Every structure is written in structure tokens, then in C-alpha cells.
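Every number for a ligand or one of its atoms is a count from 1 in the order of the listing. Note that the structure is a prediction, hence the values are computed from the model and not measured.
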Amino acid sequence: MEVVIVPDAASGGELIAEAMARLLRHTPDALLGVATGSTPLPVYRALTAKVRSGAVDPAHARVAQLDEYVGLPAEHPESYRSVLRREVLEPLGIPMDNFIGPDGTAPDVQAACEAYDRALAEAGGVDLQLLGIGTDGHIGFNEPCSSLASRTRIKTLTEQTRVDNARFFDGDIEQVPHHVITQGIGTILEARHLVLLATGEGKADAVAATVEGPVAAVCPASALQLHPHATVVVDEAAASELKLADYFRHTYADKPEWQGI
Ligand code: F6R
């Protein structure tokens, strides 16, 4: 995997937005896999700026959701469908018809998970999947010890993740759902390019385990080591526990610019 250390979250957002823009210039109907949470927001802001300046036209882009709370109505402001409509689709001017995601309110959750895996395959697979990382190393909501071969399915959130996410629910953990539908790790690994963004000191241990630890289900993000095209973009704080930080800085500084990430 490639590790890119950037000075701050905004630079990480710009770097990844440029990779998305480059993809869309080449493949206008590319399928972008998007994550929610705080970390990806600088990416969406930078991509929106590129769209407004005319540097890229995302009108034909397609967007796929990574995960969704179980039981929250789609119109709830914190359902991930609502968040993505607000943060990604509307600012970029991408119609909801170009969006696919799992149904978190389906009476048969398992059938909804299987239907979503099929929808991703029928859409031709994700071209670029943007990922955040949990303080416990989760990607999507594949919590520690998730199978590295898992498919989209229902998962129970850890107490830590519910505490971390309470900030989106007026700080009230009681409002944070216990269950989610998440793309499995095996599903995520099928995307053609994985881009994980991590910012802030709170992610430093999880980033070190992901990049320099063994491939192990206890750190789900370590599965990125198995992917032929995985990019981990970290700010200085999130890189602070990396033993090979200087090596990563050196190799990226010497990389031919035309390669992008
Ligand atoms: C959200 C998701 C999660 C988050 C992770 C980090 O769709 O898949 O894995 O990326 O919990 O969240 P933030 O960025 O809020 O720290």
C-alpha cells in the first residue's frame, strides 16, 4: 500500500478530490464509493470547489454508500443516506437516481444486504472507494474481528463506536442505533482503488496497526494490505505512530507526478 503523509486535513482532502476528479475526467460515469463521518468532509468540500470552478463535471458520476444505520428512517437527518445527500450529492449536483445504498429499514435485513451486494456488482463495481477509519481500526462498520472475507451484512456497533458517533445525535448515546448494514471487508476489497483518509492524533494507533501491523481481523483496516491499489492518506498527527514515516515521506516526494495516487 502507498502511504501519503500530508500537512493537514485540508491537504488530504485536496489530494483525494484531485484523484476523484482525474477519475471522472477519464470515466465520467465512474462509481464513487463514499463514507460518512467527519474525516471525508474536506474531500467533499475540495471536490465541490473543483466542480464550481469547472475543473470537473460530475453530472454522470454514480455514488455508492458504504454503510447505513439499521432502523433509522431514510429521511432522518442522521441516516447516512440523508448525510450523503446533504454533503455529497446536492453540493456536487449529482441526481439521487445516480445513487445506490442499502435499505436500513427493510423488514428482511439479510435480504437487503444481499440485494446491495448484487446492486454493486450489477453497477460494475466501485471504481474508487473512500474510507475513514475508526479509533478501533474499523472500516465501514466492520468492527474488530470481522471476517476479512465478509460480505455486506448487519453488524452490531461497539460501545466505543456509539460513544464516538453520539456527537451526531446531540451527544446522546441512547439515540445512536446499535446496528448497521455495512459493506463487508471482502466487498470493500473488490473496489478498484481504495483510499483511506485518517486525520488527528486519535487515529494514530489505528493507522500504525493498519499500515505496519500484521494483516489481522482484530484491525479490520489492515485488510488494505491485501489490495493491489490501496492508498492511505494521513495528516502529521495521524502519522505520528508510524515507524516508517520518513520512508513514506521520501518515496512520495520522489514519485512521478503523472502517477497521481
Ligand atoms: C462511516 C464509516 C466509518 C467512519 C469511521 C471514522 O461511513 O464507514 O468507518 O469512517 O467511523 O469516522 P470519523 O471520520 O467521523 O472519525
Enumerate the atoms of ligand 1 whose separation from the nearest heavy atom of Leu66 is less than 4.0 angstrom.
-> 8 (O)
Where does Thr36 meet ligand 1, judged by heavy-atom distances below 4.0 Å: at the side chain, the backbone, both, or neither?
-> both
Could you list which atoms of ligand 1 come closer than 4.0 Å to a heavy atom of Lys203?
-> 6 (C), 13 (P), 16 (O)
Any atoms of ligand 1 less than 4.0 Å from a non-hydrogen atom of Gly37? List them with their elements.
-> 14 (O), 15 (O)
Would you please say whether a donor-acceptor pair under 3.5 Å links the side chains of Lys203 and Thr135?
-> no
Region of Ile133 that comes within reach of ligand 1 [heavy atoms, distance under 4.0 Å] = backbone
Salt bridge flag under 4.0 Å for residues Arg162 and Glu174 | no
What about Phe141: any of its N or O atoms under 3.5 Å from an N or O on ligand 1?
-> no
Close-contact set for ligand 1 against Arg167 heavy atoms, below 4.0 Å | 13 (P), 15 (O)
For residues Val176 and Ala166, report the shortest heavy-atom separation together with the two atoms involved.
-> CG2-CA, 3.7 Å
Heavy atoms only: give me the nearest Glu212-Leu244 pair and the separation to one decimal.
-> OE2-N, 2.8 Å
Should Gln183 be listed as contacting ligand 1, given a heavy-atom distance under 4.0 Å as the test?
-> no
Which ligand 1 atoms are under 4.0 Å away from a heavy-atom of Asp67?
-> 1 (C), 2 (C), 7 (O), 8 (O)
Under the side chain to side chain contact (heavy atoms under 4.5 Å, CB included) test, which residues partner Ala115, sequence neighbours left out?
-> Arg118
Of all residues at least two apart in sequence or in a different chain, which pass the side chain to side chain contact (heavy atoms under 4.5 Å, CB included) check with Glu90?
-> Arg85
Could you tell me whether Asn165 and ligand 1 have an N or O pair separated by under 3.5 Å?
-> no
Please name the residue in the list Leu131, Leu224, Val126 that meets the side-chain contact (heavy atoms from CB on, under 4.5 Å) test with Ile188.
-> Leu131
How are the rings of His193 and His229 set relative to one another: parallel (under 30°), tilted (30 to 60°) or perpendicular (over 60°)?
-> parallel
What atoms of ligand 1 come within less than 4.0 Å of a heavy atom belonging to Thr39?
-> 13 (P), 14 (O), 16 (O)
